[in-house]
Novice: 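This is the structure, below, for whatever I ask next.
All values below come from the heavy atoms of this structure, side chains included, with hydrogens, waters and symmetry mates left out. Throughout, protein chains are lettered first and strands after them, A, B, ... in sequence-line order, and every chain is numbered starting at 1.
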Amino acid sequence: MAVEKSKNFITDIIDAHNESGRFDGRVHTRFPPEPNGYLHIGHAKSICLNFGIAEQYGGLCNLRFDDTNPAKEEQEYIDAIIEDLRWLGFKWHDRVYFASDYFDELYEMAVELIQIGRAYVDELSPDQIREYRGTLSQPGIDSPYRDRPVVENLALFEKMRDGGFNEGEAVLRAKIDMSSGNINMRDPVMYRILDAAHPRTGDKWRIYPMYDFAHGQSDSIEGITHSICTLEYEDHRPLYDWYLDNIEIFHPQQIEFARLNLSHTIMSKRKLIRLVREGCVRGWDDPRMPTISGLRRRGYTPEAIREFCEDVGVGKVKGVVALHKLEYHIRQDLNRRAQRVMAVLNPLKVVIENYPADLVEELEAINNPEDESAGTRPVPFSKVIYIERDDFMEDPPRRFFRLAPGREVRLRYAYFITCTDVIKDETGEVIELRCRYDPATRGGSAPDGRRVKATLHWVSARHAVEAEARLYENLFTVERPEADAEVDFTNFINPNSLTVIDPIYVEPSLAGAQVGERYQFERLAYFVVDEDSTAEKLVFNRTVTLRDQWRKVRKQGRKPGKPGRRKTARTV
RNA sequence: AGGGAAGUAGCUCAAUCGGCAGAGCAGGUGCCUUUGGAGCACAAGGUUAAAGGUUCGAGUCCUUUCUUCCCUGCCA
């Protein structure tokens, strides 16, 4: 497959570097997740960007875990992140690294900064450090420990490393400028003491580097040329540059872009973890979650996600992308590849009175009209079938073309039928339809050329397979659940985000469906077989509905009804 | 007078050296149809945040103003 040539402000910068020869034409990026949660669609944008740019320029992209905080990071997340990246289809070969791989080198670099008088051990308490830092509009004050001699700092830093201090009693700080307008430059902490075992280094260390001290140097060690990160690190770039310049090692270019925000969902890891821990969803891979694993279980394809990221583009403007856009891409992809089947979610029994009671016909159905090679399959037809309850109205409004008393419609791949009778229970609810079929319309077309306005999907009652359907809607009822600082985002959780229908009736060809297989239930939606499926019962997750123009028609159809209300209002 | 960044269609992004402001999605209208799907056609959508300046000509260059966002973890 050809590499898509995308152009954006980052490729402009790279092009300029290539012209000036700053990196000798080399392009080497990295994707640096912190293993403290699962990857989500926002990460996908960064992943596509970093791996995509490397591919586009014939360069490389490393996978590097930013594991500098053992208090928050776990092996479970490392494994999940790798699985998600693989699934998305990106390859880093053997270039998977960990910031913790560089703890020894980082330590030596810190010692070097102490030796040239640019770092010192501070014994101020955390609270004092905050006070001394000043505020956004007021400069900070130098720590009383700021001007210790080099030898003392060296000894103290060793003491930190060797357990001579407790957590919070001492930190190593860069000596930069306590009056800087950029708070990151007010003697930032380089190392802190953490009494936590690290998933990879065990208990070898009790001091751990801060992000700012680890990231740039890790980039440098790996020979990264373009260190692409999100906008909130713009303020950190001077510090990124300062460390590299003062340690005097290879200097990559940090570039910041606007991370992805999606409407009707949240992207903050801290909040996603709350959804999981507070039981708002069934786990990180709940199909309602914006996580990669959630989208996977929902039935999304890697291709659709990648197309989406490409479509969204890269810029520096913070905005919110409409969820519609993601849905557009999964429909686009699934329309091409998903096999069509018939399934009835909300059944209405139909008895075809003039059809022989014991006859079963095998009708030929097209598996995928978008892909002839997908072939056909037989679908059994018999006297009693189920149709969708929504496909019948006893008193149909204008523009409702489906079944109604006396009306003729097509049963897909089967026959034209005409509704002759409506059977109701004692409450007046329609429980069964009586219809007659035209034997001459077998396959779905009339020899006399007469046409019908609607085609209905159906399932033979005798042959129907019972299954469970899980219908998902947006997890949140508002576009921006995080926008209101006063109201906790959990208040906007959509109570109807999951609807379970059990049973639904699916055509018998689905009997052996495998977990992960994607289908289009004709006229309804795309579904994927969920891992909760058993030999006895299939479970289908609704990935995304088909675009439903009837909904629009119905909305407009209400308008003619409104004048009546207005009339009433006027007369009152 | 804290520091940093961003303002182009409802949303996300384009616009070469300064040369008639474009695309995709959403929304609208219509056509077509054995998925009311898919597809196709058409129309609409803008004082490029604002003002001033330079210029034959400014989204683009200069000045000022406005709005929004980020930054006061021993998180990343």
Novice: Looking across every strand, which nucleic acid part, if any, lies under 4.0 Å from A/R133 by heavy atom: base, sugar-phosphate, or nothing?
Specialist: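 Counting heavy atoms under 4.0 Å across all strands, the contact made by A/R133 is with sugar-phosphate only.
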Novice: For the pair A/W284 and A/Y77, name the ring-plane relationship: parallel under 30°, tilted 30 to 60°, perpendicular over 60°.
Specialist: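 Aromatic pair A/W284/A/Y77 classed perpendicular.
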Novice: At under 4.0 Å between heavy atoms, what does A/R451 touch on the DNA or RNA strands: base, sugar-phosphate, or nothing?
Specialist: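 Result for A/R451 = sugar-phosphate.
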Novice: Using a cut-off of under 3.5 Å, enumerate the N/O to N/O pairs linking the protein to nucleotides 58-61 of chain B.
Specialist:
none

Novice: Rounding to an integer number of Å, can you tell me how far A/K325 NZ sits from B/G24 P?
Specialist: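 Whole-Å distance recorded here is 10 Å.
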Novice: Contact class for A/L456 (heavy atom, under 4.0 Å): base, sugar-phosphate, or nothing?
Specialist: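 Touches nothing.
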Novice: Under 4.0 Å between any heavy atoms, over every strand shown, what does A/G319 touch: base, sugar-phosphate, or nothing? Just pick one.
Specialist: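 Sugar-phosphate only.
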Novice: Quick check: are there more than 12 heavy atoms from other residues, nucleotides or ligands sitting under 6.0 Å from CZ of A/R407?
Specialist: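 Count over threshold, so yes.
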Novice: Judged by each residue's nearest nucleotide on RNA chain B, which is more toward the 5′ side, A/V320 or A/S445?
Specialist: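 In this pair, the answer is A/V320.
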Novice: Heavy atoms under 4.0 Å, any strand shown: does A/E370 hit a base, just sugar-phosphate, or nothing?
Specialist: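 Base contact.
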Novice: Closest heavy-atom contact between A/F416 and A/G444?
Specialist: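 Heavy atoms of A/F416 and A/G444 come nearest at CE1-O, 3.3 Å.
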Novice: From OH of A/Y413 over to P of B/U34, roughly how many Å is that when rounded to an integer?
Specialist: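 Atom OH in A/Y413 sits about 12 Å away from atom P in B/U34.
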Novice: Consider the side chain of A/R410, meaning its heavy atoms from C-beta on, and name the nucleotide among B/C75, B/U34, B/C74 that approaches it most closely.
Specialist: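 Nearest to the side chain of A/R410 among the choices is B/U34.
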Novice: Strictly under 3.5 Å: I want the nitrogen or oxygen pairs between protein and nucleotides 1-7 of chain B, one per line.
Specialist:
from : atom 1 : to     : atom 2 : distance (Å)
B/G2 : N9     : A/L136 : O      : 3.0
B/G2 : N2     : A/G181 : O      : 3.1
B/G2 : N3     : A/L136 : O      : 2.8
B/G3 : O4'    : A/G181 : O      : 3.3
B/G3 : N2     : A/D235 : OD1    : 3.2
B/G3 : N2     : A/D235 : OD2    : 2.7
B/A5 : O4'    : A/E234 : OE1    : 3.4

Novice: When all nucleic acid strands are considered with a 4.0 Å heavy-atom cut-off, which category describes A/T455: base, sugar-phosphate, or nothing?
Specialist: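 The residue A/T455 makes sugar-phosphate contact but no base contact.
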Novice: Side chain of A/E232, heavy atoms from C-beta onward: which of B/C13, B/C70, B/G36 has the nearest atom to it?
Specialist: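 So the side chain of A/E232 is nearest to B/C70.
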Novice: Take atom NZ of A/K72 and atom P of B/A76, then tell me their distance rounded to the nearest Å.
Specialist: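 Checked: the NZ to P distance equals 7 Å.
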Novice: Between A/R523 and A/E388, does any NZ, NE, NH1 or NH2 come within less than 4.0 Å of an OD or OE carboxylate oxygen?
Specialist: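 Answer for the salt bridge query: no.
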Novice: Could you tell me whether a side-chain N or O of A/S263 sits under 3.5 Å from a main-chain N or O of A/L323, the two making a donor and an acceptor?
Specialist: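 Yes.
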Novice: Of all the choices, B/G73, B/A26, B/G24, which nucleotide is nearest to the side chain of A/D311 once you look at every atom?
Specialist: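 Nearest to the side chain of A/D311 among the choices is B/G24.
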Novice: Syn if the chi torsion is within 90° of 0, anti otherwise; quick check, which is B/G73?
Specialist: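 Glycosidic conformation of B/G73: syn.
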Novice: Can you give the donor-acceptor pairs under 3.5 Å from side chains of residues 334-344 of chain A to other protein atoms, not counting sequence neighbours?
Specialist:
from   : atom 1 : to     : atom 2 : distance (Å)
A/N335 : OD1    : A/R340 : NH2    : 2.7
A/R336 : NH1    : A/D333 : OD1    : 3.3
A/R337 : NH1    : A/E303 : OE1    : 3.2
A/R337 : NH1    : A/D333 : OD1    : 3.3
A/R337 : NH1    : A/D333 : OD2    : 2.8
A/Q339 : NE2    : A/N367 : OD1    : 3.3
A/R340 : NH1    : A/N335 : O      : 3.1
A/R340 : NH1    : A/A338 : O      : 2.8
A/R340 : NH1    : A/N368 : OD1    : 3.1
A/R340 : NH2    : A/N335 : O      : 3.3

Novice: From B/A38, B/G73, B/U12, pick the nucleotide closest to the side chain of A/R547?
Specialist: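 Looking only at side-chain atoms, A/R547 lies closest to B/A38.
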Novice: Starting from P on B/G73, measure out to OH on A/Y132 and report it in whole angstrom.
Specialist: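 For the pair A/Y132 OH and B/G73 P, the rounded distance is 17 Å.
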Novice: Less than 6.0 Å separating the ring centroids of A/Y519 and A/F527?
Specialist: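 Ring-ring flag for A/Y519/A/F527: false, centres at least 6.0 Å apart.
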Novice: When we call it a touch if two heavy atoms are under 4.0 Å apart, what does A/R402 touch: a base, just sugar-phosphate, or nothing?
Specialist: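 Contact class for A/R402: base.
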Novice: Remember a base hit wins even if backbone is also touched, and classify A/E256 as base, sugar-phosphate or nothing at under 4.0 Å, heavy atoms.
Specialist: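 It contacts nothing in the nucleic acid.
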Novice: Using a 4.0 Å heavy-atom cut-off across all strands, classify A/V452 as base, sugar-phosphate, or nothing.
Specialist: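 Nothing, no nucleic acid heavy atom in range.
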Novice: Just call it for A/H236: base, sugar-phosphate, or nothing, with non-hydrogen atoms closer than 4.0 Å on any strand.
Specialist: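 Result for A/H236 = base.
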Novice: What integer number of Å spans the C1' atoms of B/A49 and B/A5?
Specialist: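 The answer is 16 Å between these two C1' atoms.
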Novice: Hey, does A/P369 reach any base, or is it just sugar-phosphate, or nothing, if we go heavy atoms under 4.0 Å?
Specialist: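 Base, at least one base heavy atom under 4.0 Å.
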Novice: Charged N to carboxylate O below 4.0 Å: is that the case for A/E256 and A/R237?
Specialist: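 Between A/R237 and A/E256 there is a salt bridge, with a charged N closer than 4.0 Å to a carboxylate O.
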Novice: Decide if the gap between the ring center of A/H215 and the ring center of A/Y211 is smaller than 6.0 angstrom.
Specialist: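 That pair passes the under 6.0 Å test.
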Novice: Counting any heavy atom closer than 4.0 Å, what does A/F401 reach on the DNA or RNA strands: base, sugar-phosphate only, or nothing?
Specialist: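 Result for A/F401 = base.
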Novice: For RNA chain B, what residues of residues 190-198 of chain A have any heavy atom nearer than 4.0 Å?
Specialist: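 Nucleic-acid contacts, sorted: A/R192.
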Novice: If each of A/P209 and A/L546 is mapped to the nucleotide of RNA chain B with the nearest heavy atom, which maps nearer the 5' terminus, i.e. the 5' end?
Specialist: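 That would be A/L546.
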Novice: Dot-bracket for RNA chain B: what is it, with Watson-Crick or G-U pairs under 3.5 Å, [ ] where a pair crosses earlier ones, and | for a pair to another strand?
Specialist: .((((((..((((.....[..))))..((((.......))))......(((((..]....))))))))))).....
Novice: P atom, B/C42 versus B/C25: distance in rounded Å?
Specialist: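 Result for the P pair: 14 Å, nearest Å.
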Novice: Under 4.0 Å, counting only non-hydrogen atoms across every strand here, what does A/S125 touch: a base, just sugar-phosphate, or nothing?
Specialist: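 Touches a base.
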Novice: Hey, what's the ring geometry for A/H198 with A/F103, parallel, tilted or perpendicular (30° and 60° as the breaks)?
Specialist: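 The rings of A/H198 and A/F103 stand perpendicular, inter-plane angle above 60°.
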Novice: I want to verify a distance call: between B/U12, B/A76, B/G73, whose nearest atom is closest to the A/V321 side chain?
Specialist: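 Of the candidates, B/U12 comes closest.
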Novice: Using a 4.0 Å heavy-atom cut-off, does A/E34 contact any base of the nucleic acid, only the sugar-phosphate backbone, or nothing at all?
Specialist: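 Sugar-phosphate: the residue A/E34, judged by heavy atoms under 4.0 Å, touches backbone atoms but no base.
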Novice: Could a donor-acceptor pair under 3.5 angstrom be found where the side chain of A/R186 meets the base of B/U72?
Specialist: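 A donor-acceptor contact between them is absent.
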Novice: What is the distance, to the nearest angstrom, from the CD atom on A/Q332 to the C1' atom on B/G39?
Specialist: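 So the two atoms are 11 Å apart, to the nearest Å.
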Novice: To the nearest Å, give me how far apart CG (A/N184) and P (B/C71) are.
Specialist: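 About 10 Å, once rounded to whole Å.
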Novice: Salt bridge or not for A/R442 and A/E361, using N-O below 4.0 Å?
Specialist: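 Salt bridge between A/R442 and A/E361, a charged N being under 4.0 Å from a carboxylate O: yes.
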Novice: Assess the residue pair A/R518 and A/T301 against the criterion (side-chain contact (heavy atoms from CB on, under 4.5 Å)); give the C-alpha distance rounded to whole Å, side-chain angles, the decisive distance to 0.1 Å, and a yes or no.
Specialist: CA-CA 10 Å; A/R518 302 180 182 90; A/T301 61; 3.5 Å; yes
Novice: Hey, is the side chain of A/Y233 pairing donor to acceptor with the base of B/A76 inside 3.5 Å?
Specialist: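 Looking at the base of B/A76, it does pair with a donor or acceptor on the side chain of A/Y233 (distance under 3.5 Å).
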Novice: Salt-bridged, A/D101 to A/R64, with N to O below 4.0 Å?
Specialist: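 Salt bridge flag = no for A/R64 with A/D101.
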Novice: Given atom CG of A/D548 and atom C1' of B/A26, what is their separation to the nearest angstrom?
Specialist: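 Taking CG of A/D548 and C1' of B/A26, I get 16 Å after rounding.
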Novice: What is the distance, to the nearest angstrom, from the CG atom on A/D391 to the P atom on B/U34?
Specialist: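 Nearest whole value for this atom pair: 17 Å.
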Novice: Taking only residues at least two apart or on different chains, which pairs with a member in residues 133-144 of chain A satisfy side chain to side chain donor-acceptor pair (under 3.5 Å)?
Specialist: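 Checked against side chain to side chain donor-acceptor pair (under 3.5 Å) - neighbours excluded - the pairs reaching residues 133-144 of chain A are A/D122-A/S143.
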